[in-house]
Trainee: 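Submitted below is the structure of interest, expressed as structure tokens.
Computed from a predicted structure; not experimentally measured. Counting convention: from 1, in listed order, for ligands and their atoms alike. Counting begins at 1 with the first residue of the sequence.
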Amino acid sequence: MTYTESSIIKSANQNNSLPNLITESQPPVTEADMIQAVRTLLLGLGENPDREGLKDTPKRVVKALKFLTSGYGQSLDELLNGAVFHENANEMVLVRDIDLFSSCEHHILPILGRAHVAYIPNGKVIGLSKIARICEMYARRLQVQERLTAQIADALQGLLQPQGVAVVIEATHMCMVMRGVQKPGSWTSTSALRGVFNDDAKTRQEFMNLIQHRPTFNS
Ligand SMILES: Nc1nc2c(ncn2[C@@H]2O[C@H](COP(=O)(O)OP(=O)(O)OP(=O)(O)O)[C@@H](O)[C@H]2O)c(=O)[nH]1
Ligand SMILES: [Zn+2]
């Protein structure tokens, strides 16, 4: 599959409108509806939503959920702010240990982890901070880790048409820690390899070695 900058931006923007979730027959959901729904949840849990500590909780929960899913309202175009530059670099660029806070789509519980993102340019480079911003945009949606990993890789592939992109995410899922199977300390690794990282074992190995190496200092 080939991508162009405008096609990837268009497809990301289309995703923002939640086409799979909101049907045309669905009446608009207001903030008041959402607050009421959280109040109902509290009642269902046997709580008194009118007690002092909980009286503003429905409002806070809605605000927090909106923030945690604010990636739906963002677009690649907007977050890039034009920071793609022509440059004759052709060695691996790696941004590692990017903190990630996402929410699993099955339980709406946190996925906490870090991403390592590399690419080998092919005439274009991207502002380094934009790599972290792309990770954030996709993390701030309801996700599964595999899709989050692939979306980051595909966004970079589409924006830069580089020689290759590699994304590894290591994360722990609170739905597996705090509930359900209850396995604290379990970490899930996912990878998405595109271009030369997929085709060339040596390049892939170099990336894997680099992300295993611990930095000598933390900023
Ligand atoms: N592949 C994948 N699975 C996930 C992710 N986040 C959560 N899950 C899994 O989604 C599955 C949902 O399974 P269900 O059996 O429908 O839900 P459940 O009864 O709450 O499952 P348990 O967590 O096993 O108690 C669980 O196995 C979760 O571990 C993710 O990012 N990727
Ligand atoms: Zn979950």
Trainee: Answer yes or no for atom 7 (C) of ligand 1: protein heavy atom present at a distance under 4.0 Å?
Mentor: yes

Trainee: Is it true that, when you exclude Asn209 itself, more than 12 heavy atoms of the residues, nucleotides or ligands shown sit nearer than 6.0 Å to its CG?
Mentor: yes

Trainee: For residues Val177 and Gln182, determine if any side-chain heavy atom of one lies less than 4.5 Å from a side-chain heavy atom of the other.
Mentor: no

Trainee: Verify the contact flag for atom 27 (O) of ligand 1, where contact means a protein heavy atom under 4.0 Å away.
Mentor: no

Trainee: Checking contacts now, so for atom 10 (O) of ligand 1, which I'm interested in, is there any protein heavy atom under 4.0 Å?
Mentor: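 Under 4.0 Å from atom 10 (O) of ligand 1, at least one protein heavy atom found.
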
Trainee: Does any non-hydrogen side-chain atom of Gln163 lie less than 4.5 Å from one of Asn90?
Mentor: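 Asn90 vs Gln163: side chains touch.
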
Trainee: Does Arg140, at its CZ atom, have more than 12 non-hydrogen atoms belonging to other residues, nucleotides or ligands within less than 6.0 Å?
Mentor: yes

Trainee: So, Arg204 side chain and Asn198 main chain: donor-acceptor pair closer than 3.5 Å or not?
Mentor: yes

Trainee: Select the closest option to atom 12 (C) of ligand 1 among Lys183, Arg147, His106, judged by heavy-atom distance.
Mentor: His106

Trainee: Inspect the contact between Arg147 and Asp154 and indicate whether a charged nitrogen and a carboxylate oxygen are less than 4.0 angstrom apart.
Mentor: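 Salt bridge flag = no for Arg147 with Asp154.
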
Trainee: Find all atoms of ligand 1 within a distance of less than 4.0 Å from any non-hydrogen atom belonging to His107, and give their numbers and elements.
Mentor: 18 (P), 20 (O)

Trainee: Return yes when at least one protein heavy atom is under 4.0 Å from atom 15 (O) of ligand 1, and no when none is.
Mentor: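 Within 4.0 Å: no protein heavy atom nearby.
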
Trainee: Quick one: do the Glu136 and Gln74 side chains pair a donor with an acceptor below 3.5 Å?
Mentor: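 Absent: no donor and acceptor within the cut-off.
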
Trainee: Out of Arg179, Gln182, Glu146, Met176, who is nearest to atom 21 (O) of ligand 1 when you count heavy atoms only?
Mentor: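 Looking at heavy atoms only, Arg179 sits closest to atom 21 (O) of ligand 1.
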
Trainee: Check each atom of ligand 1 against the heavy atoms of Cys175 and keep those under 4.0 Å away; list them by number with element.
Mentor: 7 (C)

Trainee: For the Zn ion (ligand 2), which N, O or S atom of His107 is at the shortest distance?
Mentor: ND1

Trainee: Does the protein put a heavy atom under 4.0 Å from atom 31 (O) of ligand 1?
Mentor: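 At least one protein heavy atom is under 4.0 Å away.
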
Trainee: Considering only heavy atoms of Gly180, which atoms of ligand 1 have at least one such atom less than 4.0 Å away?
Mentor: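 Listed by number with element: 25 (O).
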
Trainee: Under 2.8 Å from the Zn ion (ligand 2), is there an N/O/S atom belonging to His106?
Mentor: no

Trainee: With a 3.5 Å cut-off and no angle check, do the side chains of Thr190 and Gln145 form a donor-acceptor pair?
Mentor: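 Side chains of Thr190 and Gln145: pair found under 3.5 Å.
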
